[in-house]
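What follows is one structure encoded as structure tokens, with my remarks underneath.
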Amino acid sequence: MRNYDTVDFHAHPVTAAFRESLSALGIDPIQDDGFPLPAWSAETHLEFMREAGITYTALSIPAPHIHNGDDKKSCEAARIINEELSEIVKSYSDSFAFAAVLPLPCVEGAVAETAYAMEELGAVGVKAATNSNGVYLGDKSLDPLMEELNRRNALAMIHPCRARQRPENVITGTVAAIYEYPADTTRAVLNMIANRVMTRFPNIRWIVPHCGSFLPYMLQRFAGVSGILASMGMMETVDAQAEFAKLYFDIAGDPEPVALDMLRMVADDSHIVYGSDFPHSPAKVIMAKKRHFDANRKYDGLREKIYRENALALLNPGTEE
């Protein structure tokens, strides 16, 4: 693999197959997430990358999640979407990779799709929704998939998905990106920590979005409360810090002036990578944030790690020092 200058681990191909599959499954993005799907094409994405100075992007399908309660139809949708993504990546292999979408909570289908996507379609790993119809990452029912991902040293890019129940008549329950996305990401990762996913399946390379969401605050609290619960026999003892230390984090969203600094208080600099969130964030907004980040002398020496060094270690497992 060439030594890319800036790698983007959080960007979404809103493809024709994805849109058509959602429609066929009866899933409405606005009803699900309170936000319409943005326009996207490979050409406009490449133009954005050129303007933003991004040389390589690992694409992953955004929310909403493709499972509608029908395993067969959702498995078919995953196959159609992944095959289209594979064709796009083949056409622009110097610029794009992709993570396969999975029909969870259909575990058997997800295992089969992982094998097909990574062996036949060239996927670098998978996109993992925080929850799939209420089944959260960390749930023991997902262990067969974790075993498959672990065996394949797969990259697993976590993306938030709306919780099954949200409060009514408040803005945080309407537009998922405001609160529900970071809340559900935090909920999922804490569940993974509680069930020791990262130590039981150490070869999976997990990327948590949005500067770790609420985890910089919740890690210490979870460690303290879980220790009390374990002493009372209410849960198994878990080394929360050891589990957390295995995770990677992208900086999509608003890393400045607070979120990235909070993340660095709990995560090692070698585990932070870049994310743009294009096209859900407009290109002009992303580039303005990136220019500000590039000009911030506080991050001199860190940017090279985030943009390139950590990215290459993630894309080429075994190269970490």
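We use all heavy atoms of the structure for the numbers below, so side chains are in, but hydrogens, waters and symmetry mates are not.
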Problem - Distance flag, aromatic centroids of Phe244 and Phe249, threshold under 6.0 Å - result: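 That pair passes the under 6.0 Å test.
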
Exercise for the section: Decide if the gap between the ring center of His45 and the ring center of Phe96 is smaller than 6.0 angstrom. Expected result: yes

Hydrophobic clustering (ILVMFWY, side-chain heavy atoms < 4.5 Å, transitive) - are [Y] and [X] grouped together?
X: Ile30; Y: Phe18; value: no
X: Phe201; Y: Leu190; value: yes
X: Leu121; Y: Ile80; value: no
X: Met262; Y: Tyr179; value: no
X: Val107; Y: Val101; value: yes

Problem - Check ion pair Glu76-Arg79 (N to O, under 4.0 angstrom) - result: no

Exercise for the section: Give a yes or no on whether a salt bridge exists between Asp143 and Lys140, defined as a side-chain N under 4.0 angstrom from a carboxylate O. Expected result: no

Do the side chain of [X] and the main chain of [Y] share a donor and acceptor less than 3.5 angstrom apart?
X: Arg200; Y: Asn195; result: yes
X: Arg264; Y: Ile272; result: no
X: Thr185; Y: Ser213; result: no
X: Lys289; Y: Gly253; result: yes
X: Glu113; Y: Ala100; result: no
X: Glu243; Y: Met198; result: yes
X: Asn203; Y: Leu149; result: no
X: Ser74; Y: Asp71; result: no
X: Asn150; Y: Met146; result: no
X: Thr114; Y: Ala110; result: yes

If we only count heavy atoms from C-beta on, is the [X] to [Y] side-chain gap below 4.5 Å?
X: Leu260; Y: Tyr299; value: yes
X: Glu147; Y: Val111; value: no
X: Met265; Y: Asp261; value: no
X: Val7; Y: Tyr274; value: no
X: Leu104; Y: His67; value: no
X: Trp40; Y: Arg19; value: no
X: Ile178; Y: Ile171; value: yes
X: Ser276; Y: Phe48; value: yes

Got more than 12 heavy atoms from elsewhere within 6.0 Å of [atom1], [X]?
X: Arg50; atom1: CZ; result: yes
X: Gln241; atom1: CD; result: yes
X: Gln220; atom1: CD; result: no

So, for [X] and [Y], which heavy atoms are closest and what is the spacing to 0.1 Å?
X: Ala99; Y: Met157; result: CB-SD, 3.7 Å
X: Val14; Y: Pro62; result: CG2-CG, 4.3 Å
X: Ser93; Y: Tyr56; result: O-CE1, 3.8 Å
X: Met49; Y: Thr55; result: CE-C, 3.8 Å
X: Ile27; Y: Pro64; result: CG2-CG, 3.7 Å
X: Asn310; Y: Ile306; result: ND2-N, 4.0 Å

Exercise for the section: List the steps and the verdict of ring pair (Phe, Tyr, Trp, His ring centres under 6.0 Å) for His159 and His10. Expected result: CA-CA 9 Å; His159 193 275; His10 192 132; 5.6 Å; yes

Exercise for the section: Applying side-chain contact (heavy atoms from CB on, under 4.5 Å), run through Leu102 and Leu145 and close with a yes or a no. Expected result: CA-CA 10 Å; Leu102 301 179; Leu145 175 62; 3.9 Å; yes

Problem - Ser132 and its side-chain contact (heavy atoms from CB on, under 4.5 Å) partner, picked from Pro103, Cys161, Pro105 - result: Pro105

Practice task
Start with the C-alpha distance between Asp184 and Arg187, add both sets of side-chain angles, then the distance that settles salt bridge (charged side-chain N to carboxylate O under 4.0 Å, His left out), and finish with yes or no.
Solution key: CA-CA 5 Å; Asp184 216 58; Arg187 185 179 295 116; 2.6 Å; yes

Exercise for the section: Test Arg291 against Asp294 for salt bridge (charged side-chain N to carboxylate O under 4.0 Å, His left out), laying out the working first. Expected result: CA-CA 5 Å; Arg291 284 193 297 268; Asp294 289 346; over 6 Å; no

Exercise for the section: Answer yes or no on whether Lys290 is positioned over the face of Tyr307, meaning its NZ or CZ is under 6.0 Å from the six-membered ring centre and within 45° of the axis. Expected result: yes

Practice task
May I ask you to check whether Glu84 and Thr15 show a side-chain donor-acceptor distance below 3.5 Å?
Solution key: yes

